[in-house]
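Reading through the structure tokens given below for one structure.
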Amino acid sequence: MILPGSTLGVLGGGQLGRMFCVAARTMGYQTIVLDPDPSSPAGRIADGHIKADYTDKAALDQLADQCDVITTEFENVPADSLQYLLDKKPVHPSPDVVKIAQNRIKEKNFAEAQGIAAAPFAAVYSEKDLQQASQVVGFPAILKSATLGYDGKGQFVVDNLQQAEDAYRSMAGVEAVLEKKMALKKEISVLLARNSRGEIQFYSPAENEHRNGILHQSIVPARVVDELKDQAIEKTIKLAEALNYVGVLAVEFFITDDGQLIFNEMAPRPHNSGHYTKDASVTSQFEQQVRVICELPPGDARLVSPVVMVNMLGDLWDPDWSVLLSEPGVKLHLYGKKDARPGRKMGHFNVLDKDVNNAIAVAERLFKRLVD
Ligand code: ADP
Ligand code: MG
């Protein structure tokens with residue numbers, strides 16, 4: 001076990017790294033962040049900030065020398081850098097797992113190999129693959145870059161082969177997947193924490209509403225029949241065990257109009273849809289990340305109160321904070337980002353109420369007032 005007083009390293013300095021650092025400090029650990037951005041949200045509050053590129057060997061050496069264990073807050077960190085660190089210090093989740101989660105083709109193939117269905121898809125390595133891919137998948141479809149996509153970026157809804165070809169050309173020849181555009185009733189996600197002894201704590205699924213490809217709000221408990229919730233939890237545990245996963249894992253699922261549960265993607269880290277755990281669960285997803293990478297038991301993941309988490313993007317800046325701060329049951333979280341660009345995640349608020357429908361109504365009312 002890596003005990004309090006030790007130093008934890010994080011690759012990436014975004015808001016997920018920031019909330020990880022806060023959780024680590026609360027538990028008596030020190031933190032060091034590696035991120036090239038001098039004003040990164042996590043770098044500014046960590047005990048140490050190595051401002052260098054993720055492939056900078058000297059910087060990776062410094063991180064490994066100063067830390068007892070290393071984790072990541074985003075999946076697009078080069079897997080080779082994680083592998084390099086692993087020769088010196090424990091790294092969770094492992095480079096092999098991150099390599100799968102950072103590539104849509106690999107993650108869908110991995111899920112299907114475990115008997116977990118994804119939407120019909122085909123890999124596209126060059127423009128000439130599109131014709132056959134579209135025969136497998138059909139239209140309408142979504143063309144997604146296989147790597148580096150997030151918040152709906154690098155995705156195109158296409159209705160015919162011509163549109164698919166145009167979209168693929170605009171992606172400058174990257175590896176991609178063409179997948180069937182499903183008719184969705186709901187989207188849910190399951191979060192769990194697992195340590196190297198295989199001890200697991202999982203959270204009740206969150207019901208996620210996206211706007212413009214970006215998460216708008218998460219509702220917990222999800223308004224979904226128990227049978228589908230249980231299936232989603234079972235599948236997430238199955239994936240974690242098959243990956244021999246150590247860390248916090250989030251898996252996104254679709255529920256189709258005809259009631260099927262479909263794997264969408266996984267994130268090898270805490271997830272935006274798990275931000276509600278900071279106020280509504282016994283143990284937050286960030287404390288879980290600290291615990292499991294340090295080989296401590298994962299914490300109690302029970303829900304203490306129904307909750308709605310609402311994202312605040314740069315679009316709605318500069319908000320009137322008193323709207324949120326004067327409302328009972330509401331908790332505000334800000335990431336300390338200086339530039340409020342449209343679509344950029346600046347913070348979130350959690351609305352707690354013993355009745356989830358009240359929480360939904362309050363969240364909607366507050367969000368409207370912020371936007372107005
Ligand atoms: P990201 O990495 O940007 O989160 P996702 O693959 O999760 O990418 O897609 C973002 C959102 O786009 C999803 O949450 C969902 O709302 C919508 N979406 C993605 N793929 C499909 C699909 N095959 N069918 C219908 N909607 C989809
Ligand atoms: Mg997603």
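None of these values were measured; they are calculated from a predicted model. Atoms within each ligand, like the ligands themselves, are counted from 1 in listed order.
- Within ligand 1, counting atoms from 1 as listed, the ones closer than 4.0 Å to a heavy atom of Gly149 are 2 (O).
- Scanning the protein for heavy atoms near atom 4 (O) of ligand 1, the closest one is Glu265 OE2, 2.9 Å.
- In this structure, the protein non-hydrogen atom closest to atom 14 (O) of ligand 1 is Glu187 OE1, 2.6 Å.
- Each of the atoms 20 (N), 21 (C), 22 (C), 23 (N) of ligand 1 lies under 4.0 Å from some heavy atom of Glu179.
- Between Lys181 and ligand 1, a contact under 3.5 Å exists for no N or O pair.
- For the pair Arg344 and Asp315, the salt-bridge criterion is not met [side-chain N within less than 4.0 Å of a carboxylate O].
- Atoms of ligand 1 lying under 4.0 Å from any heavy atom of Asp151, numbered from 1 in the order shown and given with element: 1 (P), 3 (O).
- Between Lys89 and Asp65 no salt bridge is recorded (no basic side-chain N to carboxylate O distance below 4.0 Å).
- With ligand atoms numbered from 1 in the order given, ligand 1 contributes 7 (O) to contacts under 4.0 Å with heavy atoms of Glu252.
- Taking the six-membered ring for Trp and the full ring otherwise, the centers of His275 and Phe286 sit less than 6.0 Å from each other.
- Scanning the protein heavy atoms around atom 21 (C) of ligand 1, the nearest turns out to be Ile142 CD1, 3.3 Å.
- Counting heavy atoms under 4.0 Å from ligand 1, residue Asn264 touches it through the side chain alone.
- Proximity of Val307 to Val351: side-chain heavy atoms (C-beta onward) are nowhere separated by under 4.5 Å.
- Of the protein's non-hydrogen atoms, Leu184 CD1, 3.6 Å is the one closest to atom 26 (N) of ligand 1.
- No side-chain donor from either of Asp96 and Ser94 sits under 3.5 Å from a side-chain acceptor of the other.
- Distances between N or O atoms of Gly152 and those of ligand 1 include at least one value under 3.5 Å.
- Residues Leu316 and Phe367 meet the side-chain proximity criterion, which asks for heavy atoms closer than 4.5 Å.
- In this structure, atom 11 (C) of ligand 1 has no protein heavy-atom contact shorter than 4.0 Å.
- Note that Lys180 lies outside the cation-pi zone of Phe121, set by a 6.0 Å cut-off to the ring centre and a 45° limit from the axis.
- For Tyr245 and His92, the gap between ring centers reaches or exceeds 6.0 Å.
- The N, O or S atom of Glu252 with the smallest distance to the Mg ion (ligand 2) is OE1.
- Among the atoms of Asp151, no N, O or S atom falls under 2.8 Å of the Mg ion (ligand 2).
- At a heavy-atom cutoff of 4.0 Å, ligand 1 is contacted by the backbone of Lys180 but not by its side chain.
- For atom 24 (N) of ligand 1, the closest heavy atom belonging to the protein is Met182 N, 2.9 Å.
- Shown here, atom 17 (C) of ligand 1 is out of close reach of the protein: none of its heavy atoms lies under 4.0 Å off.
- Applying the 6.0 Å contact sphere to CD of Glu227 captures no more than 12 heavy atoms from other residues, nucleotides or ligands.
- Ring centers of Tyr54 and Phe74: under 6.0 Å apart, within the cut-off.
- Among the heteroatoms counted here (N, O or S) of Glu265, OE2 is the one nearest to the Mg ion (ligand 2).
- Contact analysis puts Phe254 in contact with ligand 1, with a non-hydrogen atom separation below 4.0 angstrom.
- With no hydrogens or angles considered, no side-chain donor-acceptor pair links Asn272 and His348 at under 3.5 Å.
- If you check the side chains of His210 and Glu187, you find a donor sitting under 3.5 Å from an acceptor.
- The protein heavy atom nearest to atom 19 (C) of ligand 1 is Lys144 NZ, 3.3 Å.
- Of the N or O atoms in Gln155, one or more lie within a sub-3.5 Å distance of an N or O in ligand 1.
- Neither side chain, Asn103 nor Thr147, offers a donor N or O lying under 3.5 Å from an acceptor on the other.
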